[in-house]
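Every chain is numbered from 1 and lettered A, B, ... according to where its sequence line falls, protein lines coming before strand lines.
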Amino acid sequence: MHASASTAVPSAERTAEAARNAKDTRDDRIFGWVLKGCALIVLLALVGAAGSTLWLGSDAFRTFGFGFLTSATWDPSNDQYGALVPVMGTVGTAFIALLFAVPVSFGIALFLTEIAPQWLRGPVSSAIELLAGIPSIIYGMWGLFIFAPFVAEHIKPWLMNNFSADPPDGKVSFLVQHVPGIGKFFSSEYPFFGAGVFTAGLVLAVMIIPFISSVMREVFQTVPTRLKESAYALGSSTWEVVWDIVVPYTRTAVIGGIFLGLGRALGETMAVAFVLGNTFKFSLSFLETGSSIASTIANQFGEAQGLQRSALMALAFLLFVVTFIVLLIARLMLRRLKTREGK
Amino acid sequence: MGAAQATDITGAGSSFVYPVLSKWSATYAESTGNKLNYQSVGSGAGIAQIKEGTIDFGASDAPMSGEDLTKFGLGQFPVVVGGIVPIVNLQGVAAGQLKLDGKVLADIYLGKIARWSDPAIAALNPGVKIPDVKVTVVHRSDGSGTSFNFTNYLSKVSPEWASKVKFGTAVEWPAGVGGKGNEGVSQYVRQIPGSIGYVEYAYAKKNSIAYTQLQNATGAYVQPTAETFAAAAATADWKSAKDFNVIMTNAPGANAWPITATTWVIMYKKAKNASHTKVAFDFFKWSLEKGQSQAASLDYVALPDTLVKQIEAYWGSDFK
């Protein structure tokens, strides 16, 4: 069969086709390798950065061992370092940032894709993109000079009066008397001072809203119109369409967008350094001052030498670890959501 | 010297000295064409870079130890003097009105004095009406020469501070909150009634923040001014120190401001790059001899003449 088929085709044509096929295969292979290389660069860069911080921080890890993670001491003049307060500050500020940014971004994105009149979409979208372009130091200075004093004057006293066991007005609220432990999360040594974990979280929320909302807006637009129209035709309200059609259809991408914002919140440096209060005292309270990994590094790296420098590098490595763990939890959550849908 | 032969020299380090260095270099470049490229990256980074030999000079707010200088073949000399002042936010208390001594200041920063009505403060300030509010301590959150000199002073006047907290560009502060940079500290102090912080004098003066008087080593109360900074620079024990390794805090002069600081310039004793080093020395010679008025306009104090002579002698004897 083969032989007869091949004799039917003139040999010149045959070799040309074979050469073309070989070239195609080769080109495809090269293209594949190039793409693989591009993808690997990311991995290499990440492993390289994590590896070099681990290497440079190894002195601190060796000196303090596991205690580096559990100690709340940060004492450069006695060369004693622990990462507990910065790690908690990083996670705490990012948590507060998400708490405020996710619902607001969700609202913005839905408004823009489902409800806003056409003429309003352009200006609001550009405003959000502008918000994303502002450098973090500007947010930091805005936080320091305007927002922190505002929090100190209007928000913090109210929160403390209602939720703290040690309110500035001296009257412990009904809520605090009946919910044990809540006072711990809302206490503060400085009731009339705005900087702290809560304020930093809010500033971060403003910073990450543009990231999350623009991703959400993009993916909400990918929901096929006929799906939504079918639902409307069946008598759904806008809310039902959003909740039962748009959100399930885009869930993975929405969570991806949230994580883009979370990544920025975890690693934000200058803005946080200005409004966090930069103290190394262990506290569970959101209204207390604290420090974050990134702000600690930014604050102390320029003057640090020896073991202090190594401890800062070790902190940098921990930031990789914290980010990795947070991402891992998100993946697991996503998987659980999917399996539940499967049932 | 024409522009064609101009040599650009590079330096890095202390941010404290940056404003005056850039002013000096601008004026110097006008007359010689030689430009200075100074990176204000922090004293620690300045020391690291001069050790690696990537710059012509480093600048640090803390002197290098004699041991390190010998090991790397480096020498150092002071270039300009400035003051660090406690600032307070107390209703009805004006700038320069409140008196503090070293022990009280240390106890405040140790967290032992928690209210402004404390008898120790009242005893120093008869007749001054101080509001009875909580003391909130503000310190620098970033590693800095300002913190180095401030904590060095507290170590000299308080044994408890010296044993517990010690001194350095960053320490474990027993109390209070940390602001980033001079602007962070002064902004926190403005925001918190009853707070106390410390900043460079130029910063407090420019922003009209209420600073305090301090008791100096001789027991006299002094105001932070150019004269009291100069008095500290003149009475510090430069003569017996090798490589000018003297931290000027708590200087013994009758009129000396107790938290006076300087910045050291660090260079190779045996030049790595002869032509650059020559220009650098020429620049510093010009700054020390002719740069006083520019320093004064930025609220720094020029070094006293005797000290300048000593530095020039040191150049002659120690540098090749």
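Interface residue B:Val41: only backbone heavy atoms are found under 4.5 Å from chain A. No part of B:Phe148 comes within reach of chain A, as not one of its non-hydrogen atoms sits under 4.5 angstrom from that chain. If you measure heavy-atom distances from A:Gln308 to chain B, the contacts under 4.5 Å come from the side chain alone. Heavy atoms of A:Phe145 lying under 4.5 Å from chain B belong to its backbone as well as its side chain. For A:Thr73, the parts lying under 4.5 angstrom from a heavy atom of chain B are both the backbone and the side chain. For A:Ala152, no part lies near chain B; criterion is any non-hydrogen pair under 4.5 Å. Proximity to chain A is limited to the backbone of B:Ser144, based on heavy atoms less than 4.5 angstrom apart. Looking at B:Gln191, the atoms closer than 4.5 Å to chain A (heavy atoms on both sides) sit in the backbone and in the side chain alike. Heavy-atom distances place the side chain of B:Thr169, and not its backbone, under 4.5 Å from chain A.
Within the 4.5 Å cutoff, side-chain heavy atoms of A:Gln305 are placed close to those of B:Ile47.
Summarising the geometry of A:Thr279 relative to B:Val177, their closest heavy-atom pair is CG2-CA, 3.5 Å, with the distance given to 0.1 Å. Heavy-atom minimum distance, B:Tyr188 versus A:Leu276: OH-N, 4.3 Å.
Options B:Ala170, B:Ala45, B:Gly168 differ in how many heavy-atom pairs under 4.5 Å they form with chain A, and the most are formed by B:Ala170. The most heavy-atom pairs under 4.5 Å with chain A, out of B:Gly42, B:Ala62, B:Gly184, B:Pro193, come from B:Gly42. Looking only at heavy-atom pairs under 4.5 Å with chain A, the residue among B:Gly13, B:Gly178, B:Gly181, B:Gly46 that has the most is B:Gly178.
For the pair B:Glu172 (side chain) and A:Tyr81 (backbone), a donor-acceptor distance under 3.5 Å is absent. B:Lys134 places a side-chain N or O within donor-acceptor distance of the main-chain N or O of A:Glu189, the cut-off being under 3.5 Å. When atom types are taken as modelled, the side chain of A:Ser77 and the backbone of B:Phe167 share no donor-acceptor pair closer than 3.5 angstrom. Using modelled atom types, no side-chain atom of B:Asp142 and backbone atom of A:Asn299 make a donor-acceptor pair closer than 3.5 Å.
Within a 6.0 Å sphere centred on NZ of A:Lys184, heavy atoms belonging to other residues, nucleotides or ligands number 12 at most. Dense packing is recorded around CZ of A:Phe320, with more than 12 heavy atoms of other residues, nucleotides or ligands lying under 6.0 Å away. More than 12 non-hydrogen atoms from other residues, nucleotides or ligands lie less than 6.0 angstrom from CZ of B:Phe72. In B:Lys269, the NZ atom is crowded: over 12 heavy atoms of neighbouring residues, nucleotides or ligands sit closer than 6.0 Å.
Residues B:Lys180 and A:Asn278 have side chains that never bring a donor and an acceptor to within less than 3.5 angstrom of each other.
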(request) Take A:Phe193 and B:Thr136 through the test side chain to side chain contact (heavy atoms under 4.5 Å, CB included) and record every step on the way to the result. (result) CA-CA 10 Å; A:Phe193 178 47; B:Thr136 301; 5.9 Å; no
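Interatomic distance, A:Met141 CE to B:Gln187 CD, rounded to the nearest 0.5 Å: 9.5 Å.
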